Amino acid sequence: MDYDFKSIESKWQAWWAANKTFKTVLDNSKPKYYVLDMFPYPSGAGLHVGHPLGYIASDIFSRYKRLTGYNVLHPMGYDAFGLPAEQYAIQTGQHPEKTTTDNINRYRSQLDRIGFSYDWDREVRTCDPGFYKWTQWAFLKMFDSWYDRSMQKARPIACLTEHFAKEGTAGVDAACSQDLDFTAKQWNAMDEKEKSDVLMNYRIAYQGETSVNWCEGLGTVLANDEVKDGLSVRGGFPVEQKKMTQWQLRVSAYAGRLLDSLDKLAWTDSLKEMQRNWIGKSEGCEVVFDTVCGEKHLPITIFTTRVDTIFGVTFMVLAPESDLVGELTTPEQAEAVADYVKQVKKKTERERIAETKTVSGVFSGSYGINPLTGERIPIWISEYVLAGYGTGAIMAVPAHDSRDYVFAKTFNLPIVPIIEGCDVSEQSFDAKEGKMCNSGFLNGMDVKEAIERAKDYVEEKGLGRRKTNFRLRDAIFSRQRYWGEPFPIYYKDGIPTPLPESALPLELPEIESFKPAANGEPPLSRAKDWTYDGYPLEKSTMPGFAGSSAYYLRYMDPHNDNALVDKDVDAYWRDVDLYIGGTEHATGHLIYSRFWNKFLYDLGYVCEDEPFKKLVNQGMIQGRSNFVYRIVGTNTFVSLGLKDKYETTEIHVDVNIVYNDRLDLEAFKAWRPEYADAEFILEDGEYICGWAIEKMSKSMFNVVNPDLVCDTYGADTLRLYEMFLGPLEQSKPWDTKGIDGVNRFLKKFWRMFYDRDNWLVTDEEPTAAELKSLHRLIAKERADIEAFSFNTTISAFMIALNELSALKCSKRAVLEPLVILLSPFAPHIAEELWHALGHEDSVTFASFPEYVEAYTAEDSCTYAVSFNGKTRFTVDLPKSADKDEVEARVRSMEQTAKYVNGLNIIKVIVVPGKIVNIVVK
RNA sequence: GCCCGAGUGGCGGAAUGGUAGACGCGAUGGACUCAAAAUCCAUUGUCCCUUAAAGAUGUGCGGGUUCGAGUCCCGCCUCGGGCACCA
């Protein structure tokens, strides 16, 4: 009987589905293990071989964990709201729900062919009202919460209103958009609208005016991570800065905690570093500078991390968007300033990025007073200072900051060095090292010491205070789109009012066209009766990251209609033990999800404050494109090795008609009508194609569909091969070159059991050599899987199989454990053989075999053998050997005899466990 | 510019500081076959050499530590990724 993967794979896939083999239930008698994949956005293109890479790895790990006694939660679902479906809807008029469902079905059938052990009863779709009910619910909770900085947690807004009614803002330390100051009396005198406006300043989900990335092409605002180089990531439309009122999430309130708890996560250092950079903590100082604008005095606050350089301040700079610009511009400069501000506003984000090297700015006409020296310094306005960071105003120290330096050089402002011996004639001295000079009481101090001393001084004299700033901004949470979660908010007399929980889910209404409505209004303004209780409902929808922020919690309890997740269920599954996905979500989903989880944790809805304990980033699978070379002006194609003899054009050719870089000529002729009468110049009778590593995409004709691999080699081979390709984390090109190797391995494995029509397995006792192979493999597999080194696990399997097949070992006592060992990697063939061995239950429920120390122990250590101090060779000797035994062994070795041939051994020195030195003459 | 990560045969890639190149692909030779496919066996870093033995050399470059370095340290080069006026 041959290894017939087709019938085996479809048979067991059907059997698993019928028996619900992978159904997971809460089981307090077993330890839990939660393995999660980043759920896919079901795009119209379907899966290519790169997508399943992480899914295969997580599936192997899930199956392995089940074999080692864990109750494993391993679910899958779809991130189904989003722009592409909507763009497609706008172009074709098809309802996004329909295309999304179609795409999901396609994904599902592709996933099913690979033999994943998902519990499909737990599937979630973010566009399903039963799911987005809980996205909306979480939003309502955020709307109804504020962040108490003194307690470092989110609390119900009711606590805050109570406090306001009694004491006003006194004693409130809240994360807010703007520092407010009012008394209880003032608060109590406010009307509904005023109170609503005040509370917006504190809510965790709030509405506020902000400078947003407006994308005209898409008709919506975008988050920073949806914009790259001034273009939208989806669609590549230009993006400009615009002030708009938008729903936002006060993610910035959590910046400190998001940063601190990174330390306890088992994520890669590079990913943690990315998040650290994104959060961007900088510890410094706010300092108040008095300013003189004509007759007017106006104190302005700046932020700096280098207070120590305050004696080197020679000017100040305001961001063009800063409110202070208006206040500090003198009449003489008014026109110049207005021109400049107008000019800056006109520029798109893209142009601003492109022009970072050119320096621009204008003098405001006002002066600041250095609080330490009393010196009068000019105040400038320049776009190199950002309105959104710090206070939008800086003190400039050109001698020790490269940006200030360039500015000073351009506008001829003085440069005063305050660190001994530094040369600032060509460039600034930015390093935090050296001794201070020209700096009053700081003179002679080391820079690091001076920073601390200066901060103390500023605080003692009441000139400012220590301050930690973060780069992390609040997340803009509304999108002017249709295909997303509606906000559970209506406007009662203009006051944003939350829907009652009982009204959730607020379902997306049907509309006729998905285009933005007139004057930039969101598509939902086309909906009839988009009202609640007679009042208009919010018309924007939530962004893509809303639905993906807490989906891992919903998998725990997907059918619960009364809670996002039941308390007891959450207490069992707790958090994701292993999360597998790409690095592209480092500063998007993975930040928002952590924020969302911490918020739910603060309110007591979940029991862990971090959602993803361990995170593994699978690399990207790149495409390997193939080229043919057409001789210019002909329909003749020349093979790679001969192409330099002709003038040729390089043309992408479908990789599916190329095998090991050899072109299938007939398939090529059939590929496109214009090639039907193509002619070829071959080398050695073959057409060799050129190749290049590129992104896997339709336009490069390098997309490899996993279905095709399943057809030709089977899912087990696909799974093994994707893992065998190299380390999981590494990006690598898809190249089918080596796939025959793992396929051969499976065939060979099969032949241990079947020889044509004969069942070979016997009940004989295995020999010591056979047991050695088996037990070494078990030990290796356990260690390697735990370390996510799947490629070496497969190598070890191949070695063991070669050894055992050389021994013609078809003994049940050896093969049965081998089947279990193979089952995480190649579940179909393992299931087939497991049943052939007489088991009725799935191999899923078997136990991972134990290894016996005696067969696996490494009991030798390596000695370096040297002659007169020069090492000649090394030798492995038993660890147990004593000094004399080692000496005797080494003296008797053939190699020793070779090196001392014709010489006398004077003395042998043995350093236990390390060196044997033989002194010769 | 700043912060990570990586450089090993024809290729993908292995190597707790201890025989570099495991395992796989490819290639070459052979067995089986009318033939092919499949399968099996052998060889396969480079150089010197007709071949072999034997040797030399060899993990991006230059130094260092060590009896011993792909691995650790210092200084470069190249490639990949992230951030990018964040004061």
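Keep in mind that what you see is a predicted model, and the values were worked out from it rather than measured. Labels below follow one simple rule: chain letters A, B, ... track the order of the sequence lines, proteins then strands, and each chain is numbered from 1.
- Using a 4.0 Å cut-off, no side-chain N or O of A:Q730 falls inside it from OP1 or OP2 of B:A6.
- Taking atom C1' on both nucleotides, B:C48 is separated from B:A56 by 8 Å, rounded to a whole Å.
- Contact annotation: A:N802 reaches the phosphate of B:G24 (side-chain N/O to OP1 or OP2, under 4.0 Å).
- A close approach under 4.0 Å does occur between a side-chain nitrogen or oxygen of A:N791 and OP1 or OP2 of B:A14.
- Closest approach to the A:I394 side chain among B:A84, B:G82, B:A87 is made by B:A87 (side chain taken as heavy atoms from C-beta onward).
- Counting non-hydrogen atoms under 4.0 angstrom, A:D269 reaches nothing in the nucleic acid.
- Between A:R276 and B:G82 there is no side-chain N or O to OP1 or OP2 distance below 4.0 Å.
- Between the side chain of A:S428 and the backbone N or O of A:S402, at least one donor-acceptor pair lies under 3.5 Å.
- Contacts of A:I799 with the nucleic acid, taken as non-hydrogen atoms under 4.0 Å apart, involve only primed sugar atoms and P, OP1 or OP2.
- Comparing B:G62 with B:G70, their P atoms sit 13 Å apart, to the nearest whole Å.
- Remark: the separation of the C1' atoms in B:U71 and B:A14 is 13 Å, to the nearest Å.
- Nucleotides B:G26 and B:A20 have their P atoms positioned 28 Å apart, rounded to a whole Å.
- Residue contacts for A:P727: at a heavy-atom cut-off of 4.0 Å it reaches the sugar-phosphate backbone alone, with no base atom in range.
- For the pair A:E273 CD and B:C3 P, the computed distance is 10 Å after rounding to whole Å.
- Relative to the six-membered ring of A:W267, A:R594 meets both conditions, a distance below 6.0 Å and an angle of at most 45° to the axis.
- If you check every strand for non-hydrogen atoms under 4.0 Å, A:R751 touches sugar and phosphate atoms only.
- Within the 4.0 Å cut-off from OP1 or OP2 of B:A22, not a single side-chain nitrogen or oxygen of A:R776 is found.
- The distance from atom CD of A:Q427 to atom P of B:C2 is 11 Å, rounded to the nearest whole Å.
- Residue A:S282 places at least one side-chain N or O closer than 4.0 Å to OP1 or OP2 of B:A87.
- If you take atom P in B:C11 and the same atom in B:C2, they sit 33 Å apart, rounded to whole Å.
- Separating the CZ atom in A:F825 from the CG atom in A:L746 is a distance of 12.0 Å, to the nearest 0.5 Å.
- Counting only heavy atoms from C-beta on, A:F724 has its side chain closest to B:G12 among B:A14, B:G12, B:A87.
- Checked by atom type and distance alone, the side chain of A:E286 never pairs as donor or acceptor with a backbone atom of A:R465 at under 3.5 Å.
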Item to complete: Any chance you could lay out the side-chain hydrogen bond (donor to acceptor under 3.5 Å, both in side chains) test for A:N617 and A:T583, step after step, and finish with the verdict?
Response: CA-CA 6 Å; A:N617 299 115; A:T583 20; 5.2 Å; no
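- Looking at the side chain of A:D401, the nearest of the listed nucleotides B:A84, B:G13, B:A87 is B:A87.
- Between the NZ atom of A:K732 and the C1' atom of B:G24 there is a distance of 15 Å, rounded to whole Å.
- Each of A:T309, A:D308, A:T304 was compared with A:R306 under the side chain to side chain donor-acceptor pair (under 3.5 Å) criterion, and only A:D308 meets it.
- Nearest to the side chain of A:L386, among B:C23, B:A38, B:A87, sits B:A87.
- Rounded to whole Å, the separation between the P atoms of B:A54 and B:U33 comes to 37 Å.
- Straight-line distance between the C1' atoms of B:G13 and B:C67: roughly 31 Å, to the nearest whole Å.
- Nucleotides B:G24 and B:C41 have their P atoms positioned 11 Å apart, rounded to a whole Å.
- Applying the 4.0 Å criterion to OP1 and OP2 of B:A87, one finds that A:Y384 has every side-chain N and O outside that range.
- Salt bridge A:R466/A:E452: present, at least one basic N to carboxylate O contact under 4.0 Å.
- Counting any heavy atom pair closer than 4.0 Å across all strands shown, A:N469 reaches no nucleic acid atom.
- Nearest to the side chain of A:D740, among B:G26, B:C23, B:A87, sits B:G26.
- The nucleotide whose nearest atom lies closest to any side-chain atom of A:K747 is, among B:A38, B:A87, B:G24, B:A38.
- A syn base is found at B:G9: its glycosidic angle is within 90° of 0.
- Straight-line distance from the OH atom of A:Y721 to the P atom of B:C11: 15 Å, rounded to whole Å.
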